[in-house]
Structure formats: C-alpha cells, structure tokens
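First up is the structure itself, then whatever we jot down about it.
Note on naming: letters A, B, ... go to the chains in the order of the sequence lines (proteins, then strands), and numbering restarts at 1 for each one. Nothing here was measured: the structure is a model prediction, and the numbers come from that model.
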Amino acid sequence: MNPNYFSDLNVQQKDAVMHTEGPLLILAGAGTGKTRVLTSRLAHIIDQKKAFPSNILAVTFTNKAAKEMQVRIGNIIGSAIEGMNWLGTFHSIGAKLLRMHAEEVDLKSDFTILDTDDQLKVIKEVIKSINIDEKRFPPRYFLSQIENWKNKGLPPEKVAKNELDMIGHEKSIDVYDKYQNRLSRLNSADFGDLLLLPLELLQKNESLLNKYQRIFSYILVDEYQDTNSVQYLLLKLLSQRSLNIACVGDDDQSIYGWRGADVNNILNFERDFRGAKIIRLEKNYRSTKNILGAARSLISNNKDRLGKELSSYKEDDGDKVKINSVWSADDEARLVSDEIDKIISKKENLNNTAVLVRASFQMREFEDRFIINSIPYRVVGGPRFYERQEIRDVIAYLQLVANPNHDLKFERIINTPRRGLGDTTLRKINDAARRDDISLYDISKKIVHTDELGGTARVKLKSFISMIDSWREKVNKIDHITLTELILEDSGYIAMWENEKTPNSESRIENIKELIGQLSEFQSLSEFLDHVSLVMDVENDENSSKVSLMTLHSAKGLEFDYVFIPGMEEGVFPNQRSLDEKGNSGLEEERRLAHVGITRAKKYLFLSHAQNRRVYGNWTQSIPSRFLSEIAPEFIEQEMIYSDYTQGYPSFSHTNYNQKNNNSQTALERLQAIGYLDNLEYDDLSFSQEINVKPNQRVFHTKFGYGTVIDCDNDRIEVEFKTGKKIVLASYLELVNND
DNA sequence: TCATTACTCCTTTTT
DNA sequence: GGAGTAATGA
C-alpha cells in the first residue's frame, strides 16, 4: 500500500496521517506542511473506507481555508468530495445545524444573520427602551459584553448574577436578555448565536446529540489554538462517542485571544481528551535560515509555550532580515514602494509579495504611494465588498423581500431612494409598531387604512408596501437574478445613482452590476443571502500579478517570497491598547502576531519603523518596537534612515537600544542637534528644500509620482512622469537617486 | 423633509 | 484627519 498521498511526507507527518483512531493533537509550527497533513489524513480516512465523506466533520478557521482544503482533497479523492457536507468554518457549520433545527430555539429556519451594524442598531433600541445613558455606556460596550458571554457559551439565563467582575454588570445582563428577545422577534441570529444556539440545542436535546455523535465519526479541527469556549464545548460534545478527534494547531500562532480564543484549549488538550496522542511537526519547509532564526529568537521571549523548536529544512541561509529606520510614515511607504520596484524589475510575480500591517489604518499611506508609483496591489480583507453602502442597500432590499419582518432592513430602505418617508413618518410607524407589538411591515399594512399618518405620507407608504408585496409574489415565479433586476428598477434605486453626479456614483453602479453577476453562482435568493452573511469577503482574482496589502491577522496561513512589515513601533506594534488592557498576556499575543508575520516570509523579510507618524491627524513621535531588539543580531542587517533630511543617521540599533529608549531627547531634537533641522516646524518639511535639477535627473512629485526631468526653465521644470509630460514648479519636486 | 455645518471621539485585530 | 452626530437653517 502506497497511495500517492503518502509520498514525500516525513516521519512525523506520516505518523499524523496514519494515527486515525482516538484523540490526536498535531502541534504544527509555521510552514511545517500542516495543510498537507490535514488533507492527506482526510484522504486516508476516506480511502481506507473508515468513514464516508459525509461522516467527517472538518472545521477550518476561515472560509478561504475551507475552500482550499476542499480543492486539495478533491484533487486526491475526486468526486467523492461532493459528499463532504460538513467541511467549513465553525460559523457556517453552526448556521447549517441551526437552519435544520431552528424551531427548537425559537427561530424559523429562514432566519437572517445579522452583521455588526445591525447588532448595534438593536442594542441602541434596547438601550433607549430601558433608559440607559448612551454616553456613559456606549452600545459597543454592551456588544462586546454580549459577545464575550456568547464566546463562553453563556446564554442570558446562565450568566450568573454574582459574577460582578465589571461595572454595569446588571445593566449588561438586562441588555443581553432584551437583545436576545429582540433578535428572535426579528427572526435573526448574530454571529455568536451561530455557535451558542447549536450548543444549547445539543445540550438540551439528547436524541439530537446522539444523532450527530453518530453522524460525525471523525472530527478534524484546524487552527485549534484559536478556538474559544463555545467551540471547545461543541467539539467536546460531538466527539464524546467516537473519540476520533484530531486537532491541528500551534500555540505560537494563537492571535485571537481578543475574540475569546482560549490558548488553554490547546495547552490542556491531553487532559481534556484522555489518551490523546501528541505529534509535533517542527521541520520548516518554508523559510530561509535567517528568517527562521529571527522568528525563533523573537518568540523565545514568550513564557507560556508548549515548547517547540522550528528547524530549517532549507540549506540556504538566505538574505539577512532587513531592519530599516525611516523619518516618517510617508517615507516608509516610499521606501517599501522602491523596494517593490526592484522586485518588479526582477520580473517576479507580485503575488509573491505582501505588505503586512498591524492595523488597517496603516494601509492608507501604502495605498496612496502604490497608486502614485503605479504598483498594482490588492487589499486582502480590507474594506469589504459587502460592506459598501450600495451593496448593503441592495442586499437590504433582497433580505426584506425574503423576510419582510426584518425591521432593520425595512428602516434602511424605506427612504432610500427618497420617497418622502422621512424621520417623522418613520417614528410614527415605529411607535405604532411598538404599541401593537408587530413588525414595521405589518403595522404599515394596517395604518395605511387609518388616519394616523398625514395624507401624503399615507399614499407614499401604501405604494412602498405594495411594491414589496409585488416582489414577494414573484419570489417563486421568476429566478432570483431577474427578480433582483426588477427590484432595482421598480424601487428607483439604480436610477438614484444614475442621477447622482458624484465621482463615485459610477463605480457604485459597477459594484451593483458585479453583485448581480455573483447572483448567478447561487441557486436561490436565500442561498445567496446566507453566503453574504457568512462570507463577508469577495474573492480576489488571483490571476493578475499584484502586491497583497493586508493585516497580520488575515495573513495567517499564507506565505510569500517577499514580506514587508512596516510600523514596527511601540504603540503600533505591540499595539498600545493590547498592552493596556491585557498587560503581559497582551504583549505575548502581540509577539505571537509578530512571529506569525515573520514566518510568512520564504526568502526575504523587511521590517521598518518610522520615527514620526500621524496619529489622529497630529504628528507623533514613536520609538522602535521592542520586538526589533528581541531578534538576535546575527540574523539582521540594519539600514540607514531613508530621508533627505536625515541621511545616515541610524535610529534603531541593538547596542544602544535601551539607552536610546530611555533617552528623553526626541527624534526632532536629535536632528536639530546634529544640524539637519533648523527649528523647522514639521509641516514645513515637505517644501523646505531648495532643489537644483538637471535634465535626466530622477525626481519625485507628491501628486504625479516619479519622473525624469526633460528640460528646465528657471523654476519651471518639464518632467516625464509615468502618466505623461508635465510642467511643474521646482519647489514641488524632490530629488531621487538616479540608480 | 433635507442639506449644511460644527463638534465629538476616536482606532486593533475577524467569523 | 475622518466618520458619525447633533444642531441649525432653507
């Protein structure tokens, strides 16, 4: 027996594939071939006829990972993959279970899944109804309380009244309780419910539990270090009978503590699942020795670890890790762009290049710069397609047609486009609905026959309602694409954007067209709406060569030849709030995040920190991240500051790191001291430089990007930019090295 | 009813 | 520097 899925596996990997019976924990470090082991293992179980594909529960952390696994298993087992009904994220599997048994938890099977915006709206309503001061207790505060409880598997009645570990606790419980009531009245579930309600279902209903324990004869969990308590409880329940649960994870990559992930799940695996076997995968096939060394030295600063040392499979030391000090965040983006230009000139595919940031606000500088330098890029997990205003509007229409009692969507579109049904009318409808305790849609049907509303409002409301009814009638008669087009026509929504003359109204219409295009990938309206709620992202085209720009969190599980991690500054990374709120454990999580980032790189790693950065629009100084000094010096190579004003002045260095951080002298003062600056204000910096240009000189212009000087006429300079020839003032140009 | 403006408080990370 | 909101005016 030597099926092809065994070939090229090392001893530990084979072990993990073969060990099919009983609990198993695979501790898989970054780049150790985890996905291969997972897919091979699944293929092995199916191939050996230990279980049908439909009897395997395989949980991944992201939809992307689920999809990738599906493709890879499909390559091994062929069409049998179609039987794998239970491969997906915890949330999508939870939703599936919930739809099948919704009645048992006071929902209907066509319930809608709420997004954060909707959640906040509901909470605001609740807060208002029990007279809580929104200023003292912002809705977000309650939302995070509720999410915490849900992550722990606690419904309102289980939240112990004596758990007084936070201010406003009683209020929170009250809000939680009323919030849940409201959700079930809206026939809706939020993300937390997709896990919590299935758990309740299984805890309450023993025969159902037995059924699913039988169905799932093998359970496989990816990214186990990121599971929270509900997820743990679900797994525990479901695996009790077969005991065939295999979890893959890496405690050094646990980065979702803020979302309720509990590292103890992985740390206590042996205790929780008796007789568990543990296999370590420590051979890293991804990175060069220098990169791996940097990662290892950094993460060794963490205390709470299971203990695992990655060793390099690659013979190659590779380039040293580059650490760069720059003057400002703008310079940082410029430097990264220049480096990427070098990668482009090597004719590399840019899909192998990524810029990873700690927080999404850092992306702006890079996007601006990439546009100026015409570097093609994609933002991964950035401003989501489905979160755009026009897309949400269209979806609101569709959701309302699917579920007319969805008050939140009703409110969203009742006056979009303008129908003369403004705040006043809406308030009246709301009051009446509350009085009769029915939905906005239902009350509207009633009050168009009374005189509660003024004459015009009544007529307008009536036509709005009959429009919805006419769409609802057609749901089962025409296909969902035609229906959507009809809705957009009838409602005047498309016309609204067509009539608007703002620069982005055209792209909004494009987006709507794209949405309609996507509809064809689904069988029905409800299938599409489910997809939208669960998979907030839209796939990127992977065919074109583009730099990826994303957060470190969304980079988990990916790998790139070239990786840039800017913003290595105290406060940014490690993130200040994380330190303030969680102290040392917060710091360790940040360090793990840095470790994740570093181990994404296969052969080239670039780290940088800026000395000055705008925070809330004000220039603020920052000091290099402690993480830089925690990387052992033998793996790194330091570069000088990249700026015309501060050339040759190294900011970060191992030897004087501590001294520097205790030094009260600011970056600005240091520069003044060495004569680079003469009491200049920061804002003057960009135009303070006299320049002297000659033809062929490479120059840079903030608006047009890089170019080459063609001709000079005093201070009027003719420059060839990427976008064409322009005559610009010398004072707007900066010199660039000609190389 | 809707558009404009002044003013507040921000920002971590995602299913 | 920006999004969301409350207050003001047309």
Side-chain angles (χ1 to χ4, degrees), chain A residues 59-66 88-95 113-117 119-120 124 134-135 138-140 144 147 150-151 189-196 222-223 226-228 230-231 253-261 329 356-365 368 380-384 386-387 389 414-427 454 456-457 460 531-537 550-557 567 571-582 586 589-590 592-594 596-597 613-620 683:
Chain A
V59 208
T60 60
F61 193 66
T62 61
N63 291 294
K64 203 172 174 185
T89 61
F90 267 108
H91 289 89
S92 64
I93 287 168
I113 300 167
L114 295 192
D115 58 32
T116 313
D117 267 27
Q119 288 179 286
L120 283 171
K124 276 183 195 163
E134 222 183 272
K135 289 268 144 39
R140 288 209 157 273
S144 79
E147 274 174 358
K150 288 190 174 178
N151 286 337
D190 66 14
F191 262 85
D193 287 339
L194 297 182
L195 305 176
L196 181 62
D222 194 12
E223 308 282 11
D226 289 324
T227 51
N228 59 31
V230 211
Q231 292 166 337
Q253 292 189 62
S254 162
I255 54 175
Y256 282 93
W258 50 273
R259 210 174 83 186
L356 310 180
V357 295
R358 173 66 246 266
S360 33
F361 72 84
Q362 292 169 261
M363 289 187 186
R364 251 201 72 176
E365 275 116 3
D368 290 352
V380 180
R384 317 276 181 88
Y386 293 124
E387 281 171 7
Q389 184 195 340
I414 185 172
N415 205 28
T416 313
R418 301 260 133 81
R419 302 189 171 87
L421 295 166
D423 291 348
T424 320
T425 313
L426 185 57
R427 198 176 56 244
T456 37
K460 284 169 174 164
H531 170 86
V532 170
S533 329
L534 286 169
V535 188
M536 291 300 284
D537 225 343
M550 66 180 109
T551 64
L552 285 149
H553 280 87
S554 43
K556 192 168 73 158
V572 176
F573 196 18
N575 176 276
Q576 192 57 46
R577 222 162 122 177
S578 189
L579 300 182
D580 291 346
E581 283 168 13
K582 305 277 264 317
E589 181 154 316
E590 293 287 303
R592 290 194 291 269
L593 189 56
V596 167
R613 178 180 294 280
R614 269 175 199 268
V615 180
Y616 305 142
N618 302 316
W619 281 104
T620 316
D683 284 341

Go through the structure and list residues passing side chain to side chain contact (heavy atoms under 4.5 Å, CB included) with [X], not counting sequence neighbours.
| X | answer |
| --- | --- |
| A/V230 | A/L195, A/L199, A/N228 |
| A/R259 | A/F61, A/Y256 |
| A/D117 | A/D115, A/R392 |
| A/T425 | A/L421, A/I429, A/L453, A/A457 |

Quick one: [X] [atom1] to [N] [atom2], roughly how many Å, whole number?
| X | N | atom1 | atom2 | result |
| --- | --- | --- | --- | --- |
| A/H531 | B/dT15 | NE2 | P | 13 Å |
| A/R613 | B/dT12 | CZ | P | 16 Å |
| A/N228 | B/dT14 | CG | C1' | 12 Å |
| A/L426 | B/dC2 | CG | P | 12 Å |
| A/D580 | B/dT13 | CG | P | 16 Å |
| A/K556 | B/dT15 | NZ | P | 10 Å |
| A/E223 | B/dT13 | CD | P | 19 Å |
| A/R418 | B/dC2 | CZ | P | 5 Å |

### Message
Tell me if the side-chain of A/R577 makes a donor-acceptor pair with the base of B/dT12, cut-off 3.5 Å, by modelled atom types.
### Response
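A donor-acceptor contact between them is absent.
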### Task
May I ask you to verify whether the side chain of A/R358 and the base of B/dT13 hold a donor-acceptor pair under 3.5 Å?
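A donor-acceptor contact between them is present.
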If the cut-off is 4.0 Å, is [X] near the phosphate of [N], judged by side-chain N/O to OP1 or OP2?
| X | N | value |
| --- | --- | --- |
| A/R259 | B/dT15 | no |
| A/N63 | B/dT14 | no |
| A/S578 | B/dT13 | no |

Residues in salt bridge (charged side-chain N to carboxylate O under 4.0 Å, His left out) contact with [X], at least two apart in sequence or another chain:
| X | result |
| --- | --- |
| A/R140 | none |
| A/E589 | A/R592 |
| A/R419 | none |
| A/E223 | A/K34, A/K556 |

Under 3.5 Å, which N/O atoms of the protein pair with N/O atoms of nucleotides 7-10 of chain C?
none

### Message
In dot-bracket form, 5' to 3', how is DNA chain C paired? Count Watson-Crick and G-U wobble pairs only if both distances fall under 3.5 Å, and write | where the partner sits on another strand.
### Response
.|||||||||
### Query
In Å, rounded to the nearest 0.5 Å, how long is the span from CG of A/D190 to OG1 of A/T116?
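Result: 9.0 Å between the selected atoms.
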### Task
Rounded to the nearest 0.5 Å, what's the gap from CZ on A/R577 to CG on A/D580? Could you check?
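So the gap between those two atoms works out to 9.0 Å.
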### Message
Going by side-chain hydrogen bond (donor to acceptor under 3.5 Å, both in side chains), name the residues that satisfy it together with A/T89, two or more places apart in sequence or in a different chain.
### Response
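Testing A/T89 for side-chain hydrogen bond (donor to acceptor under 3.5 Å, both in side chains), a comparison that skips the adjacent residues, returns A/S92.
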### Message
By nearest heavy atom, map A/G420 and A/T89 onto DNA chain B; which one lands nearer the 5' end?
### Response
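Mapping each residue to its closest nucleotide by heavy atoms, the 5'-most match is A/G420.
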### Task
Find which nucleotide of DNA chain B each of A/L421 and A/T62 is nearest to by heavy atoms, and output the residue with the more 5' nucleotide.
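Result: A/L421.
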Base, sugar-phosphate alone, or nothing: which one does [X] contact when heavy atoms must sit under 4.0 Å apart?
| X | value |
| --- | --- |
| A/E581 | base |
| A/F61 | sugar-phosphate |
| A/S360 | sugar-phosphate |

### Message
Using only atom types and a distance under 3.5 Å, with no angle test, would you say the side chain of A/E590 pairs donor to acceptor with the backbone of A/F573?
### Response
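Side chain of A/E590 to backbone of A/F573, a donor-acceptor pair under 3.5 Å: no, none is there.
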### Query
Is there a donor-acceptor pair under 3.5 Å between the side chain of A/T62 and the backbone N or O of A/T60?
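No, A/T62 side chain to A/T60 backbone: no donor-acceptor pair under 3.5 Å.
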### Task
For C/dG4 versus B/dT13, give the span between their P atoms, rounded off to a whole number of Å.
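That atom pair is separated by 15 Å.
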### Query
Which nucleotide, B/dT13, B/dT15, B/dC2, lies nearest any side-chain atom of A/H553?
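Ranking B/dT13, B/dT15, B/dC2 by closest atom to the A/H553 side chain puts B/dT13 first.
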Short heteroatom pairs, N/O only, protein and nucleotides 1-5 of chain C, under 3.5 Å:
unit_1: C/dG1; atom_1: O6; unit_2: A/Y616; atom_2: O; d: 3.2
unit_1: C/dG1; atom_1: N1; unit_2: A/Y616; atom_2: O; d: 3.4
unit_1: C/dG2; atom_1: OP1; unit_2: A/R364; atom_2: NH1; d: 3.3
unit_1: C/dT5; atom_1: OP1; unit_2: A/K124; atom_2: NZ; d: 3.4

